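Every chain is numbered from 1, with letters handed out A, B, ... down the list of sequences. Keep in mind that what you see is a predicted model, and the values were worked out from it rather than measured.
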Protein chains: 2
Amino acid sequence: MNIGQVAERTNLPAKTIRYYEDIGLVKPMRTENGYRAFRDTDLHKLTFLGRARALGFSIEDCRALLALYEDQSRASADVKRLATEHLVEIESKITTLQIMHDTLSTLVKSCAGDDRPDCPILKGLSSKEEIHRKNND
Amino acid sequence: MNIGQVAERTNLPAKTIRYYEDIGLVKPMRTENGYRAFRDTDLHKLTFLGRARALGFSIEDCRALLALYEDQSRASADVKRLATEHLVEIESKITTLQIMHDTLSTLVKSCAGDDRPDCPILKGLSSKEEIHRKNND
DNA sequence: GATAGGCATTCCAGCAACTGGAAGGTCAAG
DNA sequence: CTTGACCTTCCAGTTGCTGGAATGCCTATC
């Protein structure tokens, strides 16, 4: 199969697929004219990659997951460990964003948003202890 | 003030401060020996930048916020608009991460995590309709 | 056979926001 | 006068692509 069709089926841009080959995640064959020729296994791998990336796994995590996916004698514990670590990362990102959100949302609420220059948001950004006093996480 | 002291006071790495000068966010003076000489206003700006970055504003947003900060005749509405847009972005990131989290956490919970190869996480990554059936956001 | 389009190829550059390291200049202390 | 802690610049690398240029291939139509 040509890269265009693979792109369509996997919902990955052709550019991304070429990139994944570049970094060694897939190794499609080549036809005589130099075009990439993707087999079913390549398609499966790319689909797998697409899903793993959609769950926020890094490329290196994806590489490890792919190796486990291909290793029939893997231990599910190894997969679970990887996934759990990633889950913790996600949770920490959510926490960070939540704190940002709370702080900024407090500032936004306290701003009149009219044509006058007085602005609690700018004040909050320049001085520390103005509004941001309730998170001690 | 030298860059080292500014770094300490603003909690920004010296490298970052140099970078901010590079991209025109601050413009410290120079002493005869070529060292950067930061004034109080530079310090204020850098502190402001540190806070804005900590709230997740992009560098370009920071540039705009800084301009508003310096503009005594700004309209607070302009600040509020910027902040609100950013708030929406944060919310969308949280949503995305939350979905990732829910999906992955479901997968992780269903995995035994022992020395056997059978693994619902890998199954979930390779086939779609296995476990991931309850989000329709 | 010429040509036009829609594919495919490679390679190079750039995004954000730094970070690390090399090679070198400056300054204060001992 | 040397040591060590600063400071300087510049270049390269990080992550995960993405855009674009220059070029080649394939198929269809005139």
Side-chain angles (χ1 to χ4, degrees), chain A residues 1-39 42 45-46 48-66 85-86 89-90 92-93 96-97 100, chain B residues 1-39 42 45-46 48-66 85-86 89-90 92-93 96-97 100:
Chain A
M1 214 187 305
N2 274 359
I3 200 166
Q5 330 220 329
V6 176
E8 204 175 343
R9 292 214 198 175
T10 59
N11 278 324
L12 293 170
K15 278 263 178 191
T16 299
I17 298 173
R18 288 197 194 98
Y19 172 68
Y20 286 172
E21 187 192 9
D22 252 30
I23 61 174
L25 290 180
V26 277
K27 299 179 180 52
M29 312 259 79
R30 296 285 179 143
T31 58
E32 306 130 8
N33 59 18
Y35 285 18
R36 285 167 185 82
F38 294 85
R39 293 149 299 186
D42 297 319
K45 278 200 203 182
L46 287 167
F48 184 96
L49 285 170
R51 302 241 173 83
R53 292 287 301 132
L55 288 182
F57 283 102
S58 74
I59 288 285
E60 287 317 306
D61 278 354
C62 286
R63 196 189 297 279
L65 286 170
L66 211 45
E85 281 170 16
H86 182 48
E89 268 176 46
I90 291 176
S92 123
K93 278 188 188 168
T96 304
L97 284 168
M100 285 180 185
Chain B
M1 215 187 306
N2 275 357
I3 200 169
Q5 329 220 325
V6 176
E8 205 174 342
R9 292 212 199 175
T10 59
N11 278 325
L12 292 171
K15 278 264 178 192
T16 299
I17 297 172
R18 289 197 195 98
Y19 172 67
Y20 287 171
E21 186 191 10
D22 252 32
I23 62 174
L25 290 181
V26 277
K27 297 177 180 58
M29 312 260 79
R30 297 285 179 142
T31 57
E32 306 129 10
N33 59 22
Y35 286 18
R36 286 166 183 84
F38 294 85
R39 291 148 300 185
D42 297 318
K45 279 201 203 179
L46 286 167
F48 184 96
L49 285 170
R51 303 241 173 84
R53 293 286 302 130
L55 288 181
F57 283 103
S58 74
I59 289 285
E60 286 317 306
D61 279 354
C62 286
R63 197 189 297 279
L65 285 171
L66 211 44
E85 282 170 16
H86 181 48
E89 269 177 45
I90 291 176
S92 124
K93 279 189 188 167
T96 304
L97 283 169
M100 285 181 185

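For B:Phe57, the ring-ring contact (aromatic ring centres under 6.0 Å, His included) partners two or more places apart in sequence, or in a different chain, are B:His86. Every residue two or more places apart in sequence or in another chain was checked for a side chain to side chain contact (heavy atoms under 4.5 Å, CB included) with B:Glu32, and none qualifies. Evaluation of the side chain to side chain contact (heavy atoms under 4.5 Å, CB included) rule for A:Ser92 yields no partner, not counting sequence neighbours. Looking at residues two or more places apart in sequence or on another chain, you find no side-chain hydrogen bond (donor to acceptor under 3.5 Å, both in side chains) involving A:Asp61. Evaluation of the salt bridge (Lys or Arg N to Asp or Glu O under 4.0 Å) rule for B:Arg9 yields no partner, not counting sequence neighbours. With sequence neighbours left out, the salt bridge (Lys or Arg N to Asp or Glu O under 4.0 Å) criterion links B:Arg63 to B:Glu60. By the side chain to side chain contact (heavy atoms under 4.5 Å, CB included) test, B:Ala37 is found to be paired with B:Met29, B:Thr31, residues two or more places apart in sequence or in another chain being considered. For B:Tyr35, the ring-ring contact (aromatic ring centres under 6.0 Å, His included) test picks out no residue, with sequence neighbours left out.
Against DNA chain D, the stretch residues 22-36 of chain B makes heavy-atom approaches under 4.0 Å through B:Arg30, B:Gly34, B:Tyr35, B:Arg36.
Rounded to whole angstrom, the span from the CE atom of A:Met1 across to the P atom of C:dC7 amounts to 16 Å. Summarising the geometry, the separation between CZ on B:Phe38 and P on D:dC6 is reported as 16 Å, rounded to the nearest angstrom. In this entry the distance linking CD1 of B:Ile3 with P of C:dT26 reads 17 Å, nearest Å. The CG atom of B:Asn2 sits 12 Å away from the C1' atom of D:dT8 (whole-angstrom rounding).
Every pair passing salt bridge (Lys or Arg N to Asp or Glu O under 4.0 Å) that includes a residue from residues 10-23 of chain B is listed here, sequence neighbours excluded: B:Glu21-B:Arg30, B:Glu21-B:Arg36.
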Walk along nucleotides 11-24 of chain C from 5' to 3' and tag each nucleotide B, S or - by protein heavy-atom contact under 4.0 Å, base first, then sugar-phosphate. B-----BBSBB---
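Comparing the axis of the opening five pairs of the helix from C:dG1-D:dC30 to C:dG30-D:dC1 with that of the closing five pairs yields an angle of 30°, rounded to 10°.
Note: B:Leu49 CG to B:Ile59 CD1 = 7.0 Å, rounded to the nearest 0.5 Å.
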